[in-house]
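One structure is given here, and the rest of the page talks about it.
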Amino acid sequence: MSGKPRLTYFNGRGRMEPVRWLLAAAGVEFEENFLETKEQYEKLIADGVLLFQQVPLVEMDGMKMVQTRAILSYIAGKYDLYGKGLKERAMIDMYVEGITDLMQMILMYPFSAPEAKEKSIESLKERATTRYFPVFEKVLKEHGQDFLVGNKFSWADVQLIEAILAVEEKIPAVLSGFPQLQAFKVRISNVPTIKKFLQPGSQRKPPPDERYVETVLKTFKK
């Protein structure tokens, strides 16, 4: 073993992408094992590796971790990206949960029927601009700090920059009414570890294509 975390998932974003983002933000190198067949997935289950028969799977520090939220909170805690004290951690949790709700819409988009895609984009735009982004715009404006919690780079900042960029891929002008978030995007994109992850050739995955969708559906087919 190289000692690097080993990530098992499909060769695409999905539920593993926030894990990749967080490890990259922490400056941690990781290895990837890509699921491509139903047989690979079934072998993991047969070997007792997947606690709830679900991926993502992250192997690090002698553990085989599943459940995205548990994986992310462990990484955030280990690499000092989880605030200082219970109150800051609670704030980070609230922000992360909200962003995760928004990202769920993007996560499901590639699997929606062609005729539903336009409606999905409209719904995403409405949610992003009226429910989620106004919260972070207000937070940044009211406390006047560079980061969301405790004026220190945290998991919440990583999750938000990932969400901003993902929504912008679908709705390029989505930040037009949010000057604080525009500045935040520039600021966080220039954090050295984030900047590196945003460069071509990194382990950041492109938007899901038909091949990714086909592989996921084929692997999980009953």
Side-chain angles (χ1 to χ4, degrees), residues 9-22 24-25 54-56 67-69 71-72 91-142 147-149 154-190 194 197-198 200 202-221:
Y9 198 70
F10 303 97
N11 188 10
R13 290 182 182 175
R15 297 187 187 281
M16 185 66 91
E17 194 68 355
V19 177
R20 297 184 187 107
W21 268 90
L22 197 57
Q54 293 174 315
V55 287
Q67 298 295 332
T68 310
R69 172 68 201 223
I71 294 165
L72 289 166
M91 294 303 298
I92 290 170
D93 284 342
M94 284 196 292
Y95 295 154
V96 163
E97 288 291 331
I99 298 163
T100 301
D101 290 344
L102 177 62
M103 288 297 287
Q104 182 68 17
M105 300 178 73
I106 293 175
L107 198 69
M108 298 311 297
Y109 176 81
F111 300 94
S112 58
E115 62 272 16
K117 280 186 159 54
E118 187 176 336
K119 188 176 180 182
S120 295
I121 293 294
E122 284 303 312
S123 181
L124 174 65
K125 182 179 181 181
E126 193 272 333
R127 291 276 184 91
T129 57
T130 66
R131 184 184 297 188
Y132 294 103
F133 286 173
V135 170
F136 300 108
E137 181 76 6
K138 184 180 179 185
V139 168
L140 291 165
K141 185 173 184 178
E142 286 184 352
F147 306 107
L148 288 171
V149 178
S154 77
W155 174 18
D157 301 303
V158 180
Q159 199 98 344
L160 182 55
I161 187 67
E162 180 193 357
I164 286 171
L165 295 177
V167 175
E168 279 188 329
E169 286 174 350
K170 302 278 185 288
I171 310 154
V174 72
L175 290 188
S176 60
F178 301 99
Q180 296 291 334
L181 285 178
Q182 290 174 35
F184 174 87
K185 174 189 160 186
V186 172
R187 203 161 52 239
I188 302 301
S189 294
N190 281 292
I194 298 291
F197 191 58
L198 291 173
S202 81
Q203 287 167 291
R204 183 186 180 210
K205 302 297 180 268
D209 58 14
E210 287 181 11
R211 185 175 184 277
Y212 168 78
V213 171
E214 186 182 310
T215 303
V216 172
L217 293 177
K218 182 178 67 178
T219 301
F220 290 142
K221 190 175 181 182

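Here the structure is a predicted model, which is why all the values come from computation and not from measurement. Excluded from the calculations below are hydrogen atoms, water molecules and symmetry mates; all remaining heavy atoms, backbone and side chain alike, are included.
The main-chain N or O of Lys119 is never found under 3.5 Å from a side-chain atom of Ser123 such that the two would form a donor-acceptor pair. Panel note: side chain Ser189, backbone Val186; no donor-acceptor pair is recorded below 3.5 Å.
Taking the six-membered ring for Trp and the full ring otherwise, Phe133 and Phe184 have centroids separated by 6.0 Å or more.
In this structure, Glu214 places its CD atom where only 12 or fewer heavy-atom neighbours from other residues, nucleotides or ligands lie under 6.0 Å away. Heavy-atom contacts from other residues, nucleotides or ligands closer than 6.0 Å to NZ of Lys218 number more than 12. Within 6.0 Å of CZ in Arg69 there are more than 12 heavy atoms belonging to other residues, nucleotides or ligands. Around the NZ atom of Lys141, the shell of radius 6.0 Å holds no more than 12 heavy atoms that belong to other residues, nucleotides or ligands.
Ion pairing of Arg20 with Glu17 is present here, as a side-chain N (NZ or NE/NH1/NH2) and a carboxylate O approach within less than 4.0 Å.
Closest approach of Arg127 and Leu102 over heavy atoms only: CB-CD1, 4.4 Å. Counting all heavy atoms, side chain and backbone alike, Val149 lies closest to Ile92 at CG2-CG1, 3.7 Å. Of all non-hydrogen atoms in Gln159 and Pro18, the two that sit nearest each other are OE1-CB, 4.2 Å.
Separation of atoms CZ (Phe147) and CG (Leu160) is listed at 12.5 Å; rounding is to 0.5 Å.
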Could you list the donor-acceptor pairs under 3.5 angstrom formed by side chains in residues 168-175, with sequence neighbours left out?
{"unit_1": "Glu168", "atom_1": "OE1", "unit_2": "Lys185", "atom_2": "NZ", "d": "2.9"}
{"unit_1": "Glu168", "atom_1": "OE2", "unit_2": "Lys185", "atom_2": "NZ", "d": "3.2"}
{"unit_1": "Glu169", "atom_1": "OE1", "unit_2": "Arg13", "atom_2": "NH1", "d": "2.9"}
{"unit_1": "Glu169", "atom_1": "OE2", "unit_2": "Arg13", "atom_2": "NH2", "d": "2.8"}

